[in-house]
Amino acid sequence: MVKRSSVIAAACVAVVSSASAQAPPASPPYPAPKTAPPIVTPGITNADPPSDAIVLFNGKDLSHWRTDNGGPARWIVRDGYMEVNPGSGGIATIEKFGDAQLHIEWATPSVVKGEGQERGNSGVFLMERYEVQVLDSYQNETYYHGQAGSIYKQYPPLVNASRKPGEWQTYDIIFHAPRFDEMGKVVDRARFTVLHNGVLIQNNVEVYGLTYHDRAPVYIAHSPQESLALQDHGNPVRYRNIWIRRL
């Protein structure tokens, strides 16, 4: 007489064996990587450039920068930072970039003058077109999509992480450049992720087009790589420790 438990165990083995024979092989629906990720040596701190970064401002000169019309940049360089020279115009990098990781530090004047958009105003323009607003937004009211960390006139920051006037602040920006088809129509919008002083304030937002202050944004086809630009808005805003990685 066969014991009941032995019969049950044998039946279970048969079911499992049958299922195993019918199951497809376990493999991911994508090809396995064939090359190892490249090695990048990180900076000593998260603010320091990693080994594959391009240092755009080292605190000494403006050799990586030009004016809007291509001439030598005329901002002030001293004490390890550069400062907007009001009236001299914005500056842009000589090198051009598409998808990028950008680290930039900035400070608005410690002596507060004006209010709203007139207080410590500047801007970081990826591809000279898509702006992350720079502004003294510490206890300074303005329209929400125009304060520090906004994608100007498109997205307000998730939170206001501003430090006091005169204190150094950081933006860490991940930028995805737009893509256009052969007819110049945008098929993949630009996107921003931004951390302000280490706090996430823009979470992979899609940009609606070029930054304008007086009209709706719209895309106009351009090259896949363009310059990084900093705005002269008439306020002596300071910048330092600027580096970028191509992605």
Side-chain angles (χ1 to χ4, degrees), residues 35-68 72-85 90-108 120 122-135 148-149 151 157 161-163 166-177 190-205 207 223-232 236-247:
T35 58
I39 295 173
V40 172
T41 304
I44 297 174
T45 72
N46 290 341
D48 295 316
S51 59
D52 65 343
I54 299 170
V55 177
L56 296 174
F57 180 66
N58 60 6
K60 298 178 181 179
D61 59 60
L62 296 173
S63 58
H64 284 272
W65 300 84
R66 57 170 175 78
T67 60
D68 292 338
R74 294 185 292 131
W75 286 14
I76 300 163
V77 177
R78 61 184 171 211
D79 300 330
Y81 62 81
M82 61 175 169
E83 181 176 295
V84 176
N85 182 11
I91 62 174
T93 57
I94 296 170
E95 295 177 83
K96 297 182 178 184
F97 308 94
D99 298 349
Q101 174 188 351
L102 171 68
H103 176 90
I104 187 166
E105 301 176 11
W106 54 274
T108 59
S122 184
V124 178
F125 285 78
L126 277 296
M127 307 191 93
E128 296 189 77
R129 292 165 171 82
Y130 311 106
E131 182 186 12
V132 181
Q133 172 76 316
V134 170
L135 192 76
I151 307 304
S162 297
R163 293 193 170 118
E167 295 185 7
W168 284 102
Q169 312 199 48
T170 64
Y171 281 161
D172 287 289
I173 299 170
I174 307 299
F175 176 73
H176 177 87
R191 297 198 303 272
F192 275 103
T193 295
V194 183
L195 282 80
H196 182 192
N197 297 325
V199 180
L200 181 68
I201 61 167
Q202 300 288 353
N203 188 11
N204 196 34
V205 295
V207 179
S223 300
Q225 297 191 58
E226 295 288 353
S227 300
L228 168 73
L230 302 177
Q231 183 185 39
D232 171 10
V237 175
R238 298 173 178 178
Y239 290 95
R240 71 179 186 186
N241 192 21
I242 306 173
W243 52 263
I244 195 167
R245 297 179 63 240
R246 290 189 169 95
L247 300 179

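Both backbone and side-chain heavy atoms feed into the values below; hydrogens, waters and symmetry mates do not. Predicted model only: the values in this text are computed from it and were never measured.
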Are Val84 and Pro236 packed together at the side-chain level, in the sense that at least one heavy-atom pair is separated by less than 4.5 angstrom? no
Work out which heavy atom in Ala161 is nearest to a heavy atom in His196; give both atom names and the distance. CB-O, 3.7 Å
Taking the side chain from Thr193 and the backbone from Asn204, do they hold a donor-acceptor pair closer than 3.5 Å? yes
Could you report the tightest heavy-atom contact between Ala148 and Pro157, atom names first, then the distance? O-CG, 3.5 Å
Heavy-atom distance under 4.5 Å between the side chains of Val134 and Tyr171, does that happen here? yes
Check whether Trp106 forms a cation-pi arrangement with Arg238 (NZ or CZ under 6.0 Å from the six-membered ring centre, at most 45° off the ring normal). no
Centroid-to-centroid, His64 to Phe57, below 6.0 Å? no
Spatial distance of atom OG1 (Thr170) from atom CG (Asn197) [nearest 0.5 Å]: 4.5 Å
Spacing of CG belonging to Asn58 relative to CZ belonging to Arg240, to within rounding of 0.5 Å: 13.5 Å
Would you mind reporting whether Val55 and Ile242 have side-chain heavy atoms less than 4.5 Å apart? no
Kindly give the heavy-atom pair with the smallest separation between Met127 and Pro224, and that separation in Å. CE-O, 3.3 Å
Go through it in stages, so that I can follow the logic: the residues are Phe97 and Glu226, the test is side chain to side chain contact (heavy atoms under 4.5 Å, CB included), and I'd like the CA-CA distance, side-chain angles, deciding distance and then a yes or no. CA-CA 5 Å; Phe97 308 94; Glu226 295 288 353; over 6 Å; no
Side chain to side chain contact (heavy atoms under 4.5 Å, CB included) between Leu102 and Asp172: does it pass, once the steps are laid out? CA-CA 6 Å; Leu102 171 68; Asp172 287 289; over 6 Å; no
Minimum side-chain heavy-atom gap Leu126-Phe192 below 4.5 Å: yes
Go through the steps for Val194 and Val205 under the test side chain to side chain contact (heavy atoms under 4.5 Å, CB included), then give the verdict. CA-CA 9 Å; Val194 183; Val205 295; over 6 Å; no
Find the distance between OG1 (Thr67) and CG (Asp232) and round it off to the nearest 0.5 Å. 11.5 Å
Count the heavy atoms belonging to other residues, nucleotides or ligands that lie under 6.0 Å from CG of Asn46, then report whether that count exceeds 12. no
Is it true that the side chains of Ser227 and Arg66 contain a donor and an acceptor less than 3.5 Å apart? yes
Specify the closest pair of heavy atoms between Asp99 and Ala177, including all atoms of both residues, with the distance to one decimal. OD1-N, 2.8 Å
CZ of Phe175 to CG of Leu247: how many Å apart, nearest 0.5 Å? 11.0 Å
Is any side-chain heavy atom of Trp75 closer than 4.5 Å to one of Glu83? no
Taking the side chain as every heavy atom from C-beta outward, state whether Glu105 and Tyr239 have any atom pair closer than 4.5 Å. no
Nearest atoms (heavy-atom pairs only) where Asp68 meets Ile91: OD1-N, 4.1 Å
Quick one: sort the His103 and Trp243 rings into parallel, tilted or perpendicular, breaks at 30° and 60°. parallel
Could you measure the distance from the OG1 atom of Thr108 to the CZ atom of Arg163? Nearest 0.5 Å is fine. 12.0 Å
Has Ser223 got a side-chain atom pairing as donor or acceptor with Gln225's backbone, closer than 3.5 angstrom? no
What one should report as the nearest heavy-atom pair of Gln202 and Ile151 is NE2-N, 3.6 Å
Side chains of Asn85 and Arg74: any donor to acceptor distance under 3.5 Å? no
Compare all side-chain heavy atoms of Gln231 with those of Phe125 and state whether any distance is below 4.5 angstrom. yes
Verdict with reasoning, Ile173 to Leu195, per side chain to side chain contact (heavy atoms under 4.5 Å, CB included): CA-CA 6 Å; Ile173 299 170; Leu195 282 80; over 6 Å; no
Reported CG-to-OG distance for the pair Leu135 and Ser122, which is rounded to 0.5 angstrom: 10.0 Å
Do the side chains of Trp65 and Leu56 get nearer than 4.5 Å, heavy atoms only? yes
